[in-house]
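What follows is a set of notes on a single structure, which appears directly below.
In what follows, every chain begins at residue 1, and chains take the letters A, B, ... in the order their sequences are listed.
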Amino acid sequence: MPAADTISPLVAGLWLLNIVLDSGGQLAFKAAAGDETAGDGLARWKHMAARPWLWLGVGCYVVEFLVWIAFLSLVPLSEGVLLGSINIVAIMVAGRILFGEKLTRLRIAGIALVTLGVAIVGLGG
Amino acid sequence: MRRFYLFGFLLLMGFDTLAQISFKYAGTQALPVEASLAWLLRVFGQPWVYGAIVGYVGAFFTWMALLKHAPIGPAFAASHLEVVSVMLLSVWLFDEHLTVVRVAGAVAIIAGIVCLGFAENSEHAAVPEPVAADS
């Protein structure tokens, strides 16, 4: 494999940061939306706006937007979107750990296949 | 109703694709990457970044509208299958190559997404139909 095709530390760092921000954002929104004491309608939005979760989610997404632009400017787009698919896996694993969401057999198969595909693209250059 | 779903899924894929293509153009025009105000100004100083925002916002509202009516499994799959359209367009727009490695990776990822789509579906459709009483 030619050296130019291997993933640089900057690209790897941006990729990892994207995973952290994407999962962090989704989990923060989940925490904001899942608050049972929030009430309904406008009151619910006020309740959420007065707590950090919603804003943490927004902040994660804003930074992720920039990180993703930087990431894609350094890798071919066709490779970048494939590597980015790992976010699907990260969020399901995080949902399992933090919210006890079920991992059915079909889900595990899906997670394994997506991970395999990302590994092929990432390691195969 | 089928046609409505199909149109919705295609629209969602279109917005997602627009976003990714725009991200790529925006990033390329803002090179080199650096953690600086200059980079931010380069990113927001050209139109493509706004294409990315339009794509994101459009995808968000299409997704919300779809979820009201469409089963979540196919909707989930459709919302991630833009990898296919983005890959094909990057060959055309950015002179990229569909290498064996990328195609192999894409096949595995798409198979995984389809599995996850079916997983969502079977979970949300798990409300059992009332069984016809045995006579």
Anything in residues 23-31 of chain B with a heavy-atom distance to chain A below 4.5 Å? Please list those residues in order.
-> B:Phe23, B:Lys24, B:Ala26, B:Gly27, B:Thr28, B:Leu31
Residues in residues 56-71 of chain A near chain B [non-hydrogen atoms, under 4.5 Å] = A:Phe65, A:Leu66, A:Trp68, A:Ile69, A:Ala70
Which region of [X], side chain (C-beta onward) or backbone (N, CA, C, O), has a non-hydrogen atom less than 4.5 Å from a non-hydrogen atom of chain A, or is it both or neither?
X        : answer
B:Gln20  : both
B:Val114 : neither
B:Leu88  : neither

Please name the pair of heavy atoms, one in [X] and one in [Y], separated by the smallest distance, quoted to 0.1 Å.
X        : Y        : answer
A:Val121 : B:Gly105 : CG2-CA, 3.7 Å
B:Cys115 : A:Ala109 : SG-CB, 4.4 Å
A:Ile120 : B:Val101 : O-CG1, 3.4 Å

What distance do [X] atom [atom1] and [Y] atom [atom2] have between them, rounded to the nearest 0.5 Å?
X        : Y        : atom1 : atom2 : answer
A:Leu77  : B:Leu89  : CG    : CG    : 9.0 Å
A:Glu79  : B:Thr99  : CD    : OG1   : 7.0 Å
B:Glu34  : A:Leu10  : CD    : CG    : 11.0 Å
B:Ile109 : A:Leu116 : CD1   : CG    : 9.0 Å
A:Ser78  : B:Leu93  : OG    : CG    : 11.5 Å
A:Leu82  : B:Ile110 : CG    : CD1   : 8.0 Å

If you draw a 6.0 Å radius around [atom1] in [X], do more than 12 non-hydrogen atoms from other residues or ligands fall strictly inside?
X       : atom1 : value
A:Phe99 : CZ    : yes
B:Phe94 : CZ    : yes
B:Tyr50 : OH    : yes

Can you find a pair of side-chain heavy atoms, one from A:Met92 and one from B:Leu116, that are under 4.5 Å apart?
-> yes
Between B:Met87, B:Glu96, B:His97, the one whose heavy-atom pairs under 4.5 Å with chain A are most numerous = B:Glu96
Decide whether [X] and [Y] are clustered together by the hydrophobic rule: side chain heavy atoms of Ile, Leu, Val, Met, Phe, Trp, Tyr closer than 4.5 Å, transitively.
X        : Y        : answer
A:Leu106 : A:Ile108 : yes
B:Leu18  : B:Val91  : no
B:Leu11  : B:Phe60  : no
B:Val84  : B:Phe118 : yes
A:Ile97  : A:Ile88  : yes

Chain B heavy atoms under 4.5 Å from A:Val89: which part of the residue, side chain, backbone, both or neither?
-> neither
Stepwise side chain to side chain contact (heavy atoms under 4.5 Å, CB included) test for A:Val81 and B:Glu82 | CA-CA 9 Å; A:Val81 289; B:Glu82 88 266 11; 5.8 Å; no
